[in-house]
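One-based numbering, in listed order, for ligands and for the atoms of each. Starting from 1, each residue takes its place in the sequence as its number. This is a predicted model, so every value here is computed, not measured.
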Amino acid sequence: MSSKRKKTIFDELKALLGSRVRADDMELQLYGKDSSVLSGVPSTVCFPLDAEEVQGIVNICNRFQRPFIARGSGTGLAGGAVPVGNPVIISTAKMNKILDIDLEDRIAWVEPGVLNLDLSKALKEFGFHFAPDPSSQQVCSIGGNVANNSGGPHCLAYGVTTSHVLAAEVVLPNAEIVTLGGIDPEPTGYDLRGLFIGSEGTMGIATKIAVRLTPNPPDVRTLLLDFADVSDGALAVSAIINAGIIPAALEMMDHNAIGMIEAFVHAGYPVEAAAVLLVELDGLSGAVEAAVETIKDVAKIHNAGSVRIAKDETERALLWKGRKNAFGAVARIKPDYYLHDTVVPRSKLVEVLNQVYQAADKYDLIAINVFHAGDGNLHPILAYDAREPGILERVHSAGDAIIKASMDAGGVLSGEHGIGLEKRDFMHLLFSAHDMFTQDLIREAFDPQGLANPLKILPSGSRCSDSFKQHVPEGVWV
Ligand SMILES: Cc1cc2nc3c(=O)[nH]c(=O)nc-3n(C[C@H](O)[C@H](O)[C@H](O)COP(=O)(O)OP(=O)(O)OC[C@H]3O[C@@H](n4cnc5c(N)ncnc54)[C@H](O)[C@@H]3O)c2cc1C
């Protein structure tokens with residue numbers, strides 16, 4: 001008697017993708033983590049080549065009622081791509097083509113797996129770039145940038161990802177393929193493109209993205225201001241903007257950051273300073289020149305030790321190399337770090353920075369501050385050694401204190417890293433139950449079955465959490 005074995009979800013995915021579906025131990029371990037401290041275990045990892053294959057995977061997941069999670073490069077810091085509920089991971093790593101560059105309309109269509117810096121490199125010969133420049137830009141994907149509405153040092157003047165994405169082709173959670181937004185100057189109807197950007201994979205999977213091309217500025221000047229007191233540096237940030245200047249970038253690094261970066265990159269940062277401001281000005285030469293003079297005046301009023309102006313492109317690149325390698329440099333102090341991402345009003349920077357140092361002292365940790373000061377986006381790094389018993393509890397307690405201090409100052413939970421799993425249970429600090437219920441309804445309109453990246457963003461107790469408890473194996477963090 002022949003008994004026909006029932007096809008598993010793996011069999012069906014294998015039939016669709018062949019060797020581009022994997023479930024080896026090694027692969028499952030690798031795709032169980034992103035760049036946060038969280039981890040989980042997926043059931044399967046898929047590597048589709050195009051929207052139709054993504055659609056096929058989502059169809060199969062629907063039939064088996066299995067959650068699915070889009071994944072770009074896994075550099076997310078909030079656990080957005082971390083598996084919960086035995087999901088299928090849909091990696092966009094092989095969807096990495098720049099499909100079209102339209103210089104006349106200043107638009108490029110790209111696949112989601114294109115790396116952020118690769119796009120700007122490809123545009124360089126035409127005199128353009130993609131403006132959002134996360135510090136992870138060498139490795140993070142445009143799809144991940146869209147899902148997290150990512151920012152970067154130059155987003156102060158240019159705006160974060162949502163200002164640079166015109167349209168996205170999306171495989172919705174019911175497997176329908178739609179285009180949200182459009183390349184017309186004013187697409188009609190609700191701005192579903194805007195709703196999708198920043199939705200962290202909970203409203204579908206972007207399979208093609210139309211990005212705006214930004215012309216490279218005619219003149220750029222990069223300055224490094226150093227201060228003997230962190231408060232003077234923080235006050236200078238507000239003073240620069242109050243003087244009517246919106247620098248292209250306005251970044252702050254504190255004493256601990258300067259020391260570790262200098263030892264790693266040798267960027268010529270002044271190691272004795274309590275803080276430095278890295279300021280970039282761009283635009284027409286006359287305006288840039290005038291802004292440099294204004295910044296020199298502000299620096300003097302706020303007791304800056306010196307104002308160094310990069311004399312050429314090599315020096316400018318070196319100053320930026322220091323800033324962009326800051327997170328890698330932490331390894332010189334401790335093997336592990338936890339990075340927060342709150343935003344506070346610029347006027348509260350001094351107050352909240354002091355509370356960051358107090359929280360680190362209280363829990364006997366090292367705090368390092370490297371952040372987008374111009375838009376008040378703090379990035380306190382708590383450096384630690386995970387081998388030390390009990391250390392993670394102290395790191396989390398200090399982190400909780402930092403989040404609370406930021407909220408008390410009128411801030412928000414995330415400037416650019418997203419909510420993911422990491423900040424999900426802090427959402428009540430910012431939103432009422434009614435606010436969250438309303439957000440849940442919007443999510444439900446896109447994903448009635450709750451299969452797209454479940455248990456992320458909205459806290460336990462929301463519709464998505466409840467319907468997915470059944471999928472969550474014992475002991476998995478919810
Ligand atoms: C050293 C370091 C520095 C960083 N600096 C910055 C910074 O300056 N600014 C900043 O904003 N971030 C920064 N980040 C965080 C991170 O790099 C960004 O959030 C980035 O945009 C994530 O891209 P990714 O491709 O790695 O996405 P992943 O980590 O793979 O995924 C992130 C989220 O996007 C979803 N997703 C991915 N692809 C798609 C898709 N095609 N469709 C729908 N959803 C999708 C995932 O489900 C997940 O929820 C930094 C990270 C590191 C490690």
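- Ring geometry for Tyr338 against His396 counts as perpendicular: the plane angle is over 60°, on a 0 to 90° scale with 30° as the lower cut.
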Kindly determine whether Glu422 and His417 satisfy side chain to side chain donor-acceptor pair (under 3.5 Å), including the steps that lead there. CA-CA 10 Å; Glu422 187 213 20; His417 299 167; over 6 Å; no
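- Glu53 has a carboxylate O that lies under 4.0 Å from a charged side-chain N of Arg20, or vice versa, which qualifies the two as a salt bridge.
- Using a 4.0 Å cut-off between a side-chain N of Lys or Arg and a carboxylate O of Asp or Glu, Lys97 and Glu111 qualify as a salt bridge.
- A distance limit of 4.0 angstrom between heavy atoms and ligand 1 selects the residues Ser35, Ile69, Ala70, Arg71, Gly72, Ser73, Gly74, Thr75, Gly76, Leu77, Gly80, Ala81, Thr92, Pro112, Pro134, Ser135, Ser136, Cys140, Ser141, Gly143, Gly144, Asn145, Ala147, Asn148, Ser150, Gly151, Glu200, Gly201, Gly204, Ile205, Ala206, Phe327, His372, Glu416, His417, Asn453.
- Ion pair Asp34/Arg71 not flagged as a salt bridge, since none of the NZ, NE, NH1 or NH2 atoms sits closer than 4.0 Å to an Asp/Glu carboxylate oxygen.
- Relative ring orientation between Trp320 and His154 is described as tilted, the plane-to-plane angle lying within the 30° to 60° band.
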